[in-house]
J.: 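Sharing a structure here in C-alpha coordinates format.
Only a predicted model underlies this, so the values are computations on that prediction, with no experimental measurement involved.
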Amino acid sequence: MDKLLTRKITYLNPNSKMTKIKKIIDFFGYRFFCKNRSDLHNLDLNSFQSICIVQMGHIGDFLLSIHMISEIREHFKGKLILAINKNTVELASNLNGIDEIIVLEHPRRIYSRSDNNSFFSALKSFSKIDADVVLEVRGDINLIPFIRFFSKYKYLIGFDVGGGGFLLDKALEYPYGEHITNTYNKFLDFFQIKIPEIRKLDSYYDLKMTNPVKYNKYIVIAVGHTGASSKDWKIENFLKLIDMLLKDGYFIVLIGKVTKDEEKIYNQIQDKNLLNLSNKTTLMELFSILKGAEIFIGPDSGPTHAAAMLGIKTIALYSGMIDFNVFRPIDICNNVSIIKVNVPCEKCFMSNCKDNICMSLITPEMVYKRVIENVKCIPEKSSHLEKSNI
(Lines give C-alpha, C1' and ligand atoms only; values in the text may rest on other atoms or scores of the structure.)
Protein backbone atom coordinates (compact mmCIF):
# COMPACT_ATOMS: atom_id res chain seq x y z
CA MET A 1 0.00 0.00 0.00
CA ASP A 2 2.86 2.41 0.78
CA LYS A 3 4.07 2.11 -2.83
CA LEU A 4 0.58 2.94 -4.07
CA LEU A 5 0.36 6.02 -1.88
CA THR A 6 3.61 7.38 -3.26
CA ARG A 7 2.87 6.31 -6.83
CA LYS A 8 3.51 9.17 -9.23
CA ILE A 9 1.00 9.27 -12.06
CA THR A 10 1.79 11.06 -15.30
CA TYR A 11 -1.64 12.00 -16.58
CA LEU A 12 -2.56 12.15 -20.21
CA ASN A 13 -3.32 15.72 -21.30
CA PRO A 14 -1.60 17.20 -18.20
CA ASN A 15 -2.52 20.80 -19.10
CA SER A 16 -6.25 20.14 -18.98
CA LYS A 17 -8.30 21.85 -16.27
CA MET A 18 -9.70 18.44 -15.42
CA THR A 19 -6.23 17.13 -14.54
CA LYS A 20 -6.19 19.21 -11.34
CA ILE A 21 -9.49 17.66 -10.32
CA LYS A 22 -8.20 14.17 -11.17
CA LYS A 23 -5.15 14.74 -8.96
CA ILE A 24 -7.32 15.69 -6.01
CA ILE A 25 -9.61 12.70 -6.53
CA ASP A 26 -6.63 10.34 -6.81
CA PHE A 27 -4.90 11.88 -3.78
CA PHE A 28 -7.79 10.91 -1.50
CA GLY A 29 -8.78 7.84 -3.50
CA TYR A 30 -5.42 6.09 -3.15
CA ARG A 31 -5.36 6.81 0.60
CA PHE A 32 -8.86 5.76 1.55
CA PHE A 33 -10.47 3.71 -1.21
CA CYS A 34 -7.62 1.98 -3.04
CA LYS A 35 -8.58 -1.35 -4.59
CA ASN A 36 -5.22 -2.08 -6.29
CA ARG A 37 -3.82 -5.55 -5.64
CA SER A 38 -0.06 -6.00 -5.78
CA ASP A 39 -0.45 -9.78 -6.08
CA LEU A 40 -2.47 -9.57 -9.28
CA HIS A 41 -0.23 -10.27 -12.25
CA ASN A 42 0.13 -12.70 -15.15
CA LEU A 43 -3.28 -14.25 -14.69
CA ASP A 44 -4.00 -17.55 -16.40
CA LEU A 45 -6.43 -16.52 -19.12
CA ASN A 46 -8.33 -19.80 -19.08
CA SER A 47 -8.82 -19.89 -15.34
CA PHE A 48 -11.82 -17.64 -15.96
CA GLN A 49 -15.16 -18.30 -17.60
CA SER A 50 -15.78 -14.85 -19.06
CA ILE A 51 -13.89 -11.69 -20.08
CA CYS A 52 -15.42 -8.37 -21.00
CA ILE A 53 -13.39 -5.88 -23.06
CA VAL A 54 -14.68 -2.33 -22.65
CA GLN A 55 -13.73 -0.38 -25.78
CA MET A 56 -15.69 2.87 -25.86
CA GLY A 57 -13.59 4.43 -28.60
CA HIS A 58 -15.08 5.16 -31.99
CA ILE A 59 -14.44 3.47 -35.34
CA GLY A 60 -10.73 4.27 -35.65
CA ASP A 61 -10.06 3.34 -32.02
CA PHE A 62 -11.87 0.03 -32.44
CA LEU A 63 -9.90 -0.85 -35.58
CA LEU A 64 -6.60 -0.06 -33.86
CA SER A 65 -7.51 -2.47 -31.04
CA ILE A 66 -8.78 -5.27 -33.24
CA HIS A 67 -5.53 -7.26 -33.13
CA MET A 68 -5.69 -7.34 -29.33
CA ILE A 69 -9.32 -8.45 -29.31
CA SER A 70 -8.60 -11.15 -31.89
CA GLU A 71 -5.58 -12.51 -29.99
CA ILE A 72 -7.53 -12.75 -26.74
CA ARG A 73 -10.30 -14.56 -28.62
CA GLU A 74 -7.79 -17.01 -30.11
CA HIS A 75 -6.25 -17.90 -26.74
CA PHE A 76 -9.33 -17.68 -24.51
CA LYS A 77 -11.74 -20.64 -24.36
CA GLY A 78 -14.46 -18.92 -22.36
CA LYS A 79 -17.11 -16.33 -23.10
CA LEU A 80 -15.77 -13.14 -24.71
CA ILE A 81 -17.89 -10.01 -24.33
CA LEU A 82 -17.38 -6.65 -26.06
CA ALA A 83 -18.82 -3.56 -24.35
CA ILE A 84 -18.83 -0.78 -26.94
CA ASN A 85 -20.63 2.37 -28.05
CA LYS A 86 -23.38 2.31 -30.66
CA ASN A 87 -21.10 3.59 -33.44
CA THR A 88 -19.03 0.39 -33.51
CA VAL A 89 -21.81 -2.22 -33.26
CA GLU A 90 -21.38 -3.20 -36.92
CA LEU A 91 -17.64 -3.67 -36.43
CA ALA A 92 -18.13 -5.81 -33.32
CA SER A 93 -20.96 -7.92 -34.75
CA ASN A 94 -18.94 -8.81 -37.87
CA LEU A 95 -15.87 -9.86 -35.88
CA ASN A 96 -15.59 -13.63 -35.54
CA GLY A 97 -15.74 -15.25 -32.11
CA ILE A 98 -17.52 -12.56 -30.10
CA ASP A 99 -20.06 -14.21 -27.81
CA GLU A 100 -21.91 -11.14 -26.58
CA ILE A 101 -22.06 -7.44 -27.44
CA ILE A 102 -23.16 -4.85 -24.89
CA VAL A 103 -23.88 -1.33 -26.10
CA LEU A 104 -22.86 1.19 -23.44
CA GLU A 105 -23.81 4.83 -23.17
CA HIS A 106 -20.98 7.15 -22.25
CA PRO A 107 -21.78 9.26 -19.17
CA ARG A 108 -20.60 12.41 -20.99
CA ARG A 109 -22.36 13.54 -24.15
CA ILE A 110 -19.21 15.06 -25.64
CA TYR A 111 -17.74 11.56 -25.90
CA SER A 112 -20.93 9.71 -26.82
CA ARG A 113 -21.66 11.96 -29.83
CA SER A 114 -25.32 11.68 -28.90
CA ASP A 115 -27.89 14.06 -27.44
CA ASN A 116 -30.08 11.30 -26.05
CA ASN A 117 -27.94 9.78 -23.33
CA SER A 118 -28.19 10.64 -19.64
CA PHE A 119 -26.54 9.68 -16.39
CA PHE A 120 -29.28 7.18 -15.62
CA SER A 121 -29.26 5.58 -19.07
CA ALA A 122 -25.48 5.22 -18.77
CA LEU A 123 -25.87 3.64 -15.33
CA LYS A 124 -28.39 1.16 -16.70
CA SER A 125 -26.16 0.18 -19.60
CA PHE A 126 -23.12 -0.46 -17.37
CA SER A 127 -25.22 -2.70 -15.12
CA LYS A 128 -25.41 -5.17 -18.04
CA ILE A 129 -21.72 -6.05 -17.66
CA ASP A 130 -21.30 -9.38 -15.85
CA ALA A 131 -17.91 -11.07 -16.30
CA ASP A 132 -15.04 -12.56 -14.33
CA VAL A 133 -12.53 -10.06 -15.75
CA VAL A 134 -13.22 -6.60 -17.18
CA LEU A 135 -10.58 -4.85 -19.29
CA GLU A 136 -11.10 -1.08 -19.54
CA VAL A 137 -8.72 -0.29 -22.38
CA ARG A 138 -8.74 3.53 -22.46
CA GLY A 139 -7.98 4.65 -18.89
CA ASP A 140 -11.13 6.77 -18.81
CA ILE A 141 -12.06 8.27 -15.44
CA ASN A 142 -15.60 8.72 -16.76
CA LEU A 143 -15.99 4.96 -17.22
CA ILE A 144 -13.99 3.34 -14.40
CA PRO A 145 -16.35 4.43 -11.56
CA PHE A 146 -19.39 3.22 -13.51
CA ILE A 147 -17.78 -0.18 -13.99
CA ARG A 148 -16.60 -0.34 -10.36
CA PHE A 149 -19.96 0.47 -8.79
CA PHE A 150 -22.58 -0.72 -11.29
CA SER A 151 -21.06 -3.74 -13.09
CA LYS A 152 -20.46 -7.29 -11.85
CA TYR A 153 -16.95 -8.72 -12.04
CA LYS A 154 -14.06 -10.24 -10.07
CA TYR A 155 -11.19 -8.20 -11.47
CA LEU A 156 -11.08 -4.80 -13.17
CA ILE A 157 -7.88 -4.15 -15.14
CA GLY A 158 -6.89 -0.98 -16.95
CA PHE A 159 -4.77 2.20 -16.83
CA ASP A 160 -4.55 4.97 -14.25
CA VAL A 161 -3.35 7.72 -16.62
CA GLY A 162 -6.83 9.25 -16.97
CA GLY A 163 -7.50 9.27 -13.23
CA GLY A 164 -9.50 6.97 -10.98
CA GLY A 165 -6.82 4.28 -11.03
CA PHE A 166 -7.36 3.53 -7.35
CA LEU A 167 -10.63 1.83 -8.33
CA LEU A 168 -8.81 -0.72 -10.49
CA ASP A 169 -7.75 -4.11 -9.22
CA LYS A 170 -4.72 -3.85 -11.48
CA ALA A 171 -3.27 -0.71 -13.10
CA LEU A 172 -1.05 -1.62 -16.04
CA GLU A 173 2.03 0.41 -16.98
CA TYR A 174 1.13 2.88 -19.70
CA PRO A 175 3.49 3.18 -22.71
CA TYR A 176 3.70 6.97 -22.92
CA GLY A 177 4.37 8.38 -26.37
CA GLU A 178 4.16 5.01 -28.10
CA HIS A 179 1.60 4.05 -30.71
CA ILE A 180 -1.84 3.24 -29.32
CA THR A 181 -1.50 -0.39 -30.47
CA ASN A 182 1.28 -0.78 -27.89
CA THR A 183 -1.18 0.39 -25.25
CA TYR A 184 -3.57 -2.39 -26.21
CA ASN A 185 -0.64 -4.82 -26.28
CA LYS A 186 -0.23 -4.31 -22.52
CA PHE A 187 -3.31 -6.50 -21.99
CA LEU A 188 -1.72 -9.24 -24.08
CA ASP A 189 1.47 -8.90 -22.03
CA PHE A 190 -0.55 -9.22 -18.85
CA PHE A 191 -2.03 -12.52 -20.00
CA GLN A 192 1.36 -13.64 -21.38
CA ILE A 193 0.11 -13.71 -24.96
CA LYS A 194 2.72 -13.17 -27.65
CA ILE A 195 2.34 -9.83 -29.43
CA PRO A 196 1.23 -10.54 -33.02
CA GLU A 197 2.05 -8.71 -36.22
CA ILE A 198 -0.91 -6.55 -37.19
CA ARG A 199 -2.48 -7.97 -40.33
CA LYS A 200 -4.49 -6.35 -43.10
CA LEU A 201 -8.05 -5.52 -42.21
CA ASP A 202 -9.55 -8.11 -44.56
CA SER A 203 -7.86 -10.86 -42.55
CA TYR A 204 -10.00 -9.88 -39.54
CA TYR A 205 -13.21 -9.34 -41.51
CA ASP A 206 -14.77 -11.44 -44.24
CA LEU A 207 -15.42 -8.68 -46.78
CA LYS A 208 -18.00 -10.38 -48.98
CA MET A 209 -20.04 -7.27 -49.67
CA THR A 210 -20.27 -6.43 -53.36
CA ASN A 211 -18.41 -3.26 -54.24
CA PRO A 212 -21.08 -0.87 -55.59
CA VAL A 213 -18.47 1.16 -57.46
CA LYS A 214 -18.10 0.08 -61.07
CA TYR A 215 -15.07 2.20 -61.93
CA ASN A 216 -11.97 0.13 -62.63
CA LYS A 217 -9.71 2.61 -60.85
CA TYR A 218 -10.84 5.39 -58.56
CA ILE A 219 -9.92 7.74 -55.73
CA VAL A 220 -11.98 7.71 -52.52
CA ILE A 221 -12.34 10.96 -50.59
CA ALA A 222 -13.79 10.96 -47.05
CA VAL A 223 -15.74 14.21 -46.88
CA GLY A 224 -17.82 15.49 -44.00
CA HIS A 225 -17.15 15.29 -40.29
CA THR A 226 -14.90 13.23 -38.04
CA GLY A 227 -16.82 13.67 -34.78
CA ALA A 228 -14.30 16.25 -33.49
CA SER A 229 -14.41 19.62 -35.27
CA SER A 230 -10.71 20.17 -34.55
CA LYS A 231 -9.95 17.36 -37.02
CA ASP A 232 -12.38 18.49 -39.75
CA TRP A 233 -11.37 19.94 -43.11
CA LYS A 234 -13.63 22.67 -44.49
CA ILE A 235 -16.07 21.84 -47.27
CA GLU A 236 -14.55 24.60 -49.42
CA ASN A 237 -11.25 22.69 -49.38
CA PHE A 238 -12.92 19.43 -50.36
CA LEU A 239 -14.80 21.09 -53.21
CA LYS A 240 -11.66 22.67 -54.60
CA LEU A 241 -9.71 19.41 -54.38
CA ILE A 242 -12.53 17.49 -56.06
CA ASP A 243 -12.66 20.06 -58.86
CA MET A 244 -8.89 19.82 -59.42
CA LEU A 245 -8.98 16.02 -59.62
CA LEU A 246 -12.06 15.90 -61.86
CA LYS A 247 -10.45 18.34 -64.29
CA ASP A 248 -7.56 15.89 -64.57
CA GLY A 249 -9.98 13.12 -65.44
CA TYR A 250 -9.77 11.04 -62.27
CA PHE A 251 -12.74 9.03 -61.06
CA ILE A 252 -13.83 10.19 -57.60
CA VAL A 253 -15.98 8.40 -55.00
CA LEU A 254 -17.16 10.42 -52.01
CA ILE A 255 -17.88 8.69 -48.68
CA GLY A 256 -18.40 9.86 -45.11
CA LYS A 257 -21.00 11.54 -42.95
CA VAL A 258 -22.22 14.94 -44.13
CA THR A 259 -25.03 17.28 -43.15
CA LYS A 260 -28.13 17.59 -45.34
CA ASP A 261 -26.94 20.97 -46.61
CA GLU A 262 -23.52 19.56 -47.46
CA GLU A 263 -25.11 16.59 -49.19
CA LYS A 264 -27.06 18.97 -51.43
CA ILE A 265 -23.86 20.83 -52.30
CA TYR A 266 -22.02 17.64 -53.25
CA ASN A 267 -25.02 16.42 -55.26
CA GLN A 268 -24.88 19.62 -57.30
CA ILE A 269 -21.52 18.61 -58.78
CA GLN A 270 -22.46 17.50 -62.26
CA ASP A 271 -19.69 15.25 -63.50
CA LYS A 272 -19.92 11.70 -64.87
CA ASN A 273 -16.63 10.86 -63.11
CA LEU A 274 -18.04 11.58 -59.63
CA LEU A 275 -20.03 9.14 -57.49
CA ASN A 276 -21.38 10.55 -54.23
CA LEU A 277 -21.92 7.79 -51.65
CA SER A 278 -21.73 10.00 -48.56
CA ASN A 279 -24.37 8.98 -45.98
CA LYS A 280 -25.19 5.92 -48.12
CA THR A 281 -22.98 3.04 -46.98
CA THR A 282 -22.70 0.68 -44.07
CA LEU A 283 -19.23 0.11 -42.65
CA MET A 284 -18.88 -3.26 -44.38
CA GLU A 285 -19.92 -1.69 -47.68
CA LEU A 286 -17.43 1.08 -47.03
CA PHE A 287 -14.62 -1.44 -46.48
CA SER A 288 -15.45 -3.10 -49.81
CA ILE A 289 -15.33 0.28 -51.54
CA LEU A 290 -12.01 1.13 -49.92
CA LYS A 291 -10.55 -2.25 -50.82
CA GLY A 292 -11.10 -1.53 -54.51
CA ALA A 293 -9.66 2.01 -54.44
CA GLU A 294 -6.30 3.10 -55.80
CA ILE A 295 -5.96 6.06 -53.42
CA PHE A 296 -7.81 7.21 -50.32
CA ILE A 297 -7.85 10.81 -49.00
CA GLY A 298 -9.28 11.77 -45.63
CA PRO A 299 -8.78 13.38 -42.23
CA ASP A 300 -8.00 11.52 -38.99
CA SER A 301 -11.09 9.30 -38.84
CA GLY A 302 -12.32 5.73 -38.96
CA PRO A 303 -12.30 5.44 -42.78
CA THR A 304 -8.69 6.67 -42.88
CA HIS A 305 -7.56 3.98 -40.44
CA ALA A 306 -9.56 1.37 -42.37
CA ALA A 307 -8.00 2.36 -45.71
CA ALA A 308 -4.51 2.24 -44.21
CA MET A 309 -5.15 -1.21 -42.71
CA LEU A 310 -6.42 -2.46 -46.08
CA GLY A 311 -3.08 -1.56 -47.63
CA ILE A 312 -4.56 1.15 -49.86
CA LYS A 313 -2.44 4.20 -50.71
CA THR A 314 -3.70 6.48 -47.95
CA ILE A 315 -3.22 10.25 -47.79
CA ALA A 316 -4.14 11.25 -44.23
CA LEU A 317 -4.76 14.87 -43.23
CA TYR A 318 -3.83 15.23 -39.57
CA SER A 319 -4.57 18.02 -37.13
CA GLY A 320 -2.40 18.99 -34.17
CA MET A 321 -5.13 18.16 -31.69
CA ILE A 322 -3.55 14.91 -30.48
CA ASP A 323 -0.16 13.25 -30.34
CA PHE A 324 0.29 12.11 -33.93
CA ASN A 325 2.86 9.47 -32.95
CA VAL A 326 0.26 7.79 -30.78
CA PHE A 327 -2.68 7.82 -33.18
CA ARG A 328 -1.10 7.70 -36.64
CA PRO A 329 -2.56 5.16 -39.11
CA ILE A 330 -1.01 1.70 -39.21
CA ASP A 331 1.36 1.59 -42.16
CA ILE A 332 0.75 -1.99 -43.34
CA CYS A 333 2.90 -1.92 -46.47
CA ASN A 334 4.48 1.52 -46.75
CA ASN A 335 1.14 2.78 -48.04
CA VAL A 336 0.48 5.75 -45.73
CA SER A 337 1.36 9.35 -46.55
CA ILE A 338 0.73 12.03 -43.91
CA ILE A 339 -0.01 15.71 -44.46
CA LYS A 340 0.37 17.63 -41.23
CA VAL A 341 1.33 21.23 -40.44
CA ASN A 342 3.19 21.98 -37.21
CA VAL A 343 1.55 24.73 -35.16
CA PRO A 344 2.40 26.37 -31.78
CA CYS A 345 -0.73 24.97 -30.15
CA GLU A 346 0.22 21.36 -30.97
CA LYS A 347 -1.37 18.68 -28.75
CA CYS A 348 -4.11 20.97 -27.48
CA PHE A 349 -6.43 17.95 -27.00
CA MET A 350 -9.36 20.25 -27.82
CA SER A 351 -12.08 18.32 -29.63
CA ASN A 352 -13.74 21.55 -30.71
CA CYS A 353 -11.55 24.45 -31.80
CA LYS A 354 -12.92 27.62 -33.40
CA ASP A 355 -9.68 28.54 -35.15
CA ASN A 356 -8.80 25.01 -36.28
CA ILE A 357 -5.56 26.50 -37.64
CA CYS A 358 -3.77 23.16 -37.91
CA MET A 359 -6.32 21.93 -40.47
CA SER A 360 -6.88 25.32 -42.12
CA LEU A 361 -3.20 25.47 -43.06
CA ILE A 362 -3.57 22.28 -45.10
CA THR A 363 -4.51 23.50 -48.58
CA PRO A 364 -6.17 21.65 -51.48
CA GLU A 365 -3.01 22.32 -53.49
CA MET A 366 -0.91 20.46 -50.91
CA VAL A 367 -3.21 17.46 -51.06
CA TYR A 368 -3.42 17.52 -54.86
CA LYS A 369 0.36 17.51 -55.11
CA ARG A 370 0.55 14.51 -52.80
CA VAL A 371 -2.05 12.69 -54.90
CA ILE A 372 0.02 13.24 -58.04
CA GLU A 373 3.06 11.87 -56.24
CA ASN A 374 1.16 8.72 -55.24
CA VAL A 375 -1.24 8.27 -58.10
CA LYS A 376 -1.57 4.98 -59.92
CA CYS A 377 -5.02 5.37 -61.42
CA ILE A 378 -4.56 6.47 -65.00
CA PRO A 379 -7.75 8.20 -66.23
CA GLU A 380 -9.85 5.99 -68.44
CA LYS A 381 -12.79 6.82 -70.68
CA SER A 382 -15.84 7.00 -68.47
CA SER A 383 -18.02 5.66 -71.31
CA HIS A 384 -16.50 2.23 -70.58
CA LEU A 385 -17.60 2.37 -66.93
CA GLU A 386 -20.89 1.94 -65.17
CA LYS A 387 -21.96 3.89 -62.12
CA SER A 388 -23.49 2.41 -58.98
CA ASN A 389 -27.22 2.09 -58.39
CA ILE A 390 -26.82 3.29 -54.78
Side-chain angles (χ1 to χ4, degrees), residues 57-67 87-88 90-91 94-95 179-181 198-213 215-228 231-233 238 241-242 245 250-258 275-319 324 327-340 359 362 366-368 370-377 388:
H58 292 276
I59 296 171
D61 302 289
F62 188 97
L63 293 176
L64 292 172
S65 66
I66 201 171
H67 72 288
N87 297 300
T88 56
E90 188 179 352
L91 293 178
N94 281 278
L95 194 60
H179 194 262
I180 190 65
T181 52
I198 298 176
R199 307 187 303 271
K200 291 178 68 174
L201 190 61
D202 51 4
S203 69
Y204 298 105
Y205 288 104
D206 188 7
L207 301 183
K208 289 183 177 180
M209 297 292 295
T210 301
N211 185 353
V213 181
Y215 301 144
N216 290 334
K217 295 182 178 181
Y218 54 91
I219 297 173
V220 174
I221 302 178
V223 296
H225 304 277
T226 62
K231 300 191 290 184
D232 290 344
W233 208 39
F238 280 118
L241 175 64
I242 292 167
L245 293 172
Y250 296 114
F251 297 108
I252 307 297
V253 178
L254 305 183
I255 58 97
K257 290 186 177 181
V258 298
L275 179 60
N276 182 10
L277 297 182
S278 59
N279 294 343
K280 296 178 182 177
T281 66
T282 64
L283 286 173
M284 292 301 114
E285 288 172 337
L286 171 61
F287 292 170
S288 294
I289 292 168
L290 294 177
K291 188 177 180 181
E294 291 288 330
I295 289 180
F296 171 88
I297 304 167
D300 176 15
S301 62
T304 300
H305 288 287
M309 290 183 70
L310 282 167
I312 306 306
K313 283 286 185 181
T314 300
I315 299 174
L317 318 183
Y318 260 71
S319 73
F324 163 72
F327 293 101
R328 68 186 185 276
I330 297 174
D331 201 343
I332 291 289
C333 51
N334 196 29
N335 59 301
V336 177
S337 178
I338 304 295
I339 298 179
K340 181 178 176 297
M359 290 299 287
I362 298 176
M366 292 167 62
V367 182
Y368 175 80
R370 193 66 61 86
V371 171
I372 300 306
E373 293 171 355
N374 287 271
V375 75
K376 286 184 179 180
C377 41
S388 166

J.: Just so I know, are the side chains of Ile295 and Ile312 near enough to count as touching, which here means a heavy-atom distance under 4.5 Å?
T.: no
J.: Atom OG1 of Thr314 and atom CE of Met309: how far apart are they, to the nearest 0.5 Å?
T.: 11.5 Å
J.: Closest heavy-atom contact between Pro303 and Leu290?
T.: O-CD1, 3.8 Å
J.: Can you confirm whether His305 sits close enough to Leu64 that some side-chain heavy atom of one is under 4.5 Å from a side-chain heavy atom of the other?
T.: yes
J.: How are the rings of Phe287 and Tyr205 set to each other: parallel, tilted or perpendicular (split at 30° and 60°)?
T.: tilted
J.: Is there side-chain contact between Pro299 and Tyr318, with heavy atoms separated by less than 4.5 Å?
T.: no
J.: Find the distance between CZ (Arg370) and OG (Ser337) and round it off to the nearest 0.5 Å.
T.: 3.5 Å
J.: Would you say the side-chain atoms of Asp232 and Thr226 include a donor-acceptor pair closer than 3.5 Å?
T.: yes
J.: Before you tell me yes or no, could you show the steps for Ile252 and Leu275 under side chain to side chain contact (heavy atoms under 4.5 Å, CB included), namely the whole-Å CA-CA distance, both residues' side-chain angles and the distance that decides it to 0.1 Å?
T.: CA-CA 6 Å; Ile252 307 297; Leu275 179 60; over 6 Å; no
J.: How far does CE of Met209 sit from OG1 of Thr282, to the nearest 0.5 angstrom?
T.: 5.0 Å
J.: With sequence neighbours left out, what residues match Asp206 under side chain to side chain contact (heavy atoms under 4.5 Å, CB included)?
T.: Lys208
J.: Determine whether more than 12 heavy atoms belonging to other residues, nucleotides or ligands lie under 6.0 Å from atom NZ of Lys257.
T.: no
J.: Measure the spacing between CG of Leu283 and OG of Ser288 and express it to the nearest 0.5 Å.
T.: 11.0 Å
J.: Looking at side-chain heavy atoms only, is the closest gap between Ile66 and Leu95 below 4.5 Å?
T.: yes
J.: Report the C-alpha distance between Phe251 and Tyr218 in whole Å, list the side-chain angles of each, state the deciding distance to 0.1 Å, and finish with yes or no for ring-ring contact (aromatic ring centres under 6.0 Å, His included).
T.: CA-CA 5 Å; Phe251 297 108; Tyr218 54 91; 8.9 Å; no
J.: Residues two or more places apart in sequence or in another chain: which of them pass side chain to side chain contact (heavy atoms under 4.5 Å, CB included) with His67?
T.: Thr181, Tyr184, Asn185, Pro196, Ile198, Tyr204
J.: CD1 of Ile362 to CD1 of Ile339: how many Å apart, nearest 0.5 Å?
T.: 6.5 Å
J.: Distance-only, no hydrogens or angles: does the Asn334 side chain make a donor-acceptor pair with backbone N or O of Asp331 under 3.5 Å?
T.: no
J.: Apply side chain to side chain contact (heavy atoms under 4.5 Å, CB included) to the pair Asn374 and Glu294, showing each step before the final yes or no.
T.: CA-CA 9 Å; Asn374 287 271; Glu294 291 288 330; over 6 Å; no
J.: Hey, does the side chain of Asp61 reach the backbone of Ile59 with a donor-acceptor pair shorter than 3.5 angstrom?
T.: no
J.: Quick check: do Ile330 and His179 have side-chain heavy atoms less than 4.5 Å from each other?
T.: yes
J.: With heavy-atom distances below 4.5 Å as the criterion, would you say the side chains of Ile315 and Phe296 are in contact?
T.: no
J.: Using the rule given for side chain to side chain contact (heavy atoms under 4.5 Å, CB included), can you reason through Val223 versus Ser278, listing the C-alpha separation, both sets of side-chain angles and the distance that settles it, and then say yes or no?
T.: CA-CA 8 Å; Val223 296; Ser278 59; 4.3 Å; yes
J.: When rounded to the nearest 0.5 angstrom, what distance separates CD1 in Ile297 from NZ in Lys313?
T.: 13.0 Å
J.: Test Leu254 against every option in Ile221, Val220, Leu277 by the side chain to side chain contact (heavy atoms under 4.5 Å, CB included) rule and name the one that passes.
T.: Ile221
J.: Would you name the heavy atoms of Glu90 and Asn94 that are closest together and state the gap between them?
T.: O-ND2, 2.8 Å
J.: Of all heavy-atom pairs between Pro329 and Ala308, which one has the smallest distance, and what is that distance?
T.: CB-CB, 3.7 Å
J.: With a 4.5 Å cut-off on side-chain heavy atoms, are Asn211 and Lys291 touching?
T.: no
J.: Side chain of Asn279, backbone of Val258: donor and acceptor closer than 3.5 Å?
T.: yes
J.: Do side-chain atoms of Asn87 reach the backbone of His58 as a donor and acceptor pair under 3.5 angstrom?
T.: no
J.: Is any side-chain heavy atom of Leu310 closer than 4.5 Å to a side-chain heavy atom of Leu207?
T.: yes
